[in-house]
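Notes follow the structure.
Sequence positions, counted from 1, serve as the residue numbers for this chain.
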Amino acid sequence: MTPTLRTDRLLLERYVPEDEEDFVALFQDTRVSRWMGDGPSSEAADRALFGRVFTQVYAQDLFAVWAVRRDGLLVGHAEIKRTDVVDGHEIIYALAPSAWGCGLGTELALAVVAHGFGALGLAEVHATVAAANEASLTLLNRIGFEHMRDIAEDDGSTTRVLTRHR
């Protein structure tokens, strides 16, 4: 369920156990993790998450989870999975700050969207993004996502729900 995908500059493939340190470093970087899930987690929680990629997601073929590499180095993370928040499939992506500002986010998001429309046969894909995450909102808008609604979070923040149709 996690096929290898290639773009001009990126390779999206399954994680291998040797990726643990780089995965944890990515998720421990608060410039990245502040926008993911419920925000930054402990190192132990991120290591447990990495373990669940193998013991649950890959073992049970639950959904696609990719290590994102550029020139052989782990520079990001991506997923596409079913979620009840949008009653459909959501894309998730993150890049290390060293990979920001040169179009790799657009390249990565387009690859995951193309997988959703192509291999998964979806008619639409969604993204949920913190309203304060202007970079991601701009990127998604640029590649054809439209704002559908807002979700008021318990902490007072707002999450935007965006959708792109085939």
Q: Locate the shortest heavy-atom distance separating Leu137 from Ala130; write the atom from each residue and the value.
A: CD1-O, 3.9 Å
Q: Check for a donor-acceptor pair, side chain of Ser41 on one end and backbone N or O of Asp46 on the other, with a separation under 3.5 Å.
A: no
Q: Assess whether atom CD of Glu134 is packed by more than 12 heavy atoms of other residues, nucleotides or ligands within 6.0 Å.
A: no
Q | Interatomic distance, Asp22 atom CG to Arg69 atom CZ [nearest 0.5 angstrom] | A | 8.0 Å
(Q) For Arg9, is there any backbone N or O sitting under 3.5 Å from a side-chain donor or acceptor partner on Glu107? (A) yes
Q | Note: Arg47-Glu20 ion pair, threshold 4.0 Å (strictly below) | A | yes
Q.
Can a side-chain donor-acceptor contact be found between Thr159 and Glu153 if the only test is distance below 3.5 angstrom?
A. yes
Q: Could you walk me through whether Val57 and Thr2 pass the side-chain contact (heavy atoms from CB on, under 4.5 Å) test, one step at a time?
A: CA-CA 10 Å; Val57 178; Thr2 301; 5.6 Å; no
Q.
Walk me through whether Ile80 and Tyr93 qualify under side-chain contact (heavy atoms from CB on, under 4.5 Å).
A. CA-CA 9 Å; Ile80 187 167; Tyr93 58 91; over 6 Å; no
(Q) Side chains of Ile151 and Thr158, heavy atoms from C-beta outward: is any pair under 4.5 Å? (A) no
Q. Please walk me through it: do Leu26 and Gln28 pass side-chain contact (heavy atoms from CB on, under 4.5 Å)?
A. CA-CA 6 Å; Leu26 177 69; Gln28 284 292 294; over 6 Å; no
**Q.** Closest contact, heavy atoms only, Ile143 versus Ala109
**A.** CD1-CB, 3.8 Å
Q.
I'd like to know whether the aromatic ring centres of Phe23 and Tyr15 sit less than 6.0 Å apart in this structure.
A. yes
Q) Between the main-chain N or O of Val161 and the side-chain N or O of Arg149, is there a donor-acceptor pair closer than 3.5 Å? A) no
Q) How far apart are the C-alpha atoms of Glu146 and Thr163, what are their side-chain angles, what is the distance that settles it, and do they pass the side-chain contact (heavy atoms from CB on, under 4.5 Å) test? A) CA-CA 5 Å; Glu146 298 175 5; Thr163 301; 5.8 Å; no
Q) For the residue pair Val125 and Gly116, what are the closest heavy atoms and their distance? A) CG1-CA, 4.5 Å
**Q.** Within 6.0 angstrom of Asp84 CG, more than 12 heavy atoms from elsewhere
**A.** no
Q: Taking all heavy atoms of Val112 and all of Ala78, pick out the closest pair and write down the distance.
A: CG2-CB, 3.9 Å
Q. Under the 3.5 angstrom rule, does the side chain of Tyr58 hit a backbone N or O of Val65 as a donor-acceptor pair?
A. yes
**Q.** Any donor-acceptor N/O pair, Ser33 side chain to Met36 backbone, under 3.5 Å
**A.** no
Q: Assess Arg82 against Phe63: is NZ or CZ under 6.0 Å from the centre of the six-membered ring, and within 45 degrees of the ring's axis?
A: no
Q | Closest approach of Pro3 to His115 (non-hydrogen atoms, all atoms of both residues) | A | CG-CE1, 3.4 Å
Q.
I need the Cys102 SG to Leu95 CG distance, nearest 0.5 Å.
A. 8.0 Å
Q) When hydrophobic residues are tied together by side-chain contacts of less than 4.5 Å, even through go-betweens, does Leu108 share a cluster with Leu120? A) yes
Q) Are Val68 and Trp100 joined in one hydrophobic group, where the rule is that I, L, V, M, F, W and Y side chains link up if heavy atoms are under 4.5 Å apart? A) yes
Q. Would a hydrophobic clustering, with Ile, Leu, Val, Met, Phe, Trp and Tyr connected at side-chain separations under 4.5 Å, put Leu162 with Val86?
A. no
Q | Intermediate values then yes/no, salt bridge (charged side-chain N to carboxylate O under 4.0 Å, His left out), Arg166 and Glu124 | A | CA-CA 6 Å; Arg166 184 190 297 257; Glu124 61 187 17; over 6 Å; no
Q.
Just so I know, are the side chains of Phe145 and Ile91 near enough to count as touching, which here means a heavy-atom distance under 4.5 Å?
A. yes
Q) Distance from Gln60 atom CD to Thr55 atom OG1, nearest 0.5 Å? A) 8.0 Å
Q.
Nearest 0.5 Å, please: how far is NE2 in His77 from CG in Asp19?
A. 11.5 Å
Q) Is any side-chain heavy atom of Val24 less than 4.5 Å from a side-chain heavy atom of Glu43? A) yes
(Q) Side-chain heavy atoms nearer than 4.5 Å, only ILVMFWY residues, links allowed to pass through others: does that put Val85 and Ile92 together? (A) no
Q. In Å and rounded to the nearest 0.5 Å, what is the CZ to CG distance from Arg70 to Leu11?
A. 13.0 Å
Q: Starting at CG of Leu139, measure out to CZ of Arg142 and round the result to the nearest 0.5 Å.
A: 5.0 Å
Q. Going hydrophobic residue to hydrophobic residue with side-chain gaps under 4.5 angstrom, can you get from Trp35 over to Leu49?
A. no
**Q.** Ala111 to Leu5 - nearest heavy-atom pair and separation
**A.** O-CD1, 4.0 Å
(Q) Assess, by modelled atom type and distance only, whether the side chains of Arg160 and Thr128 contain a donor and an acceptor separated by less than 3.5 Å. (A) no
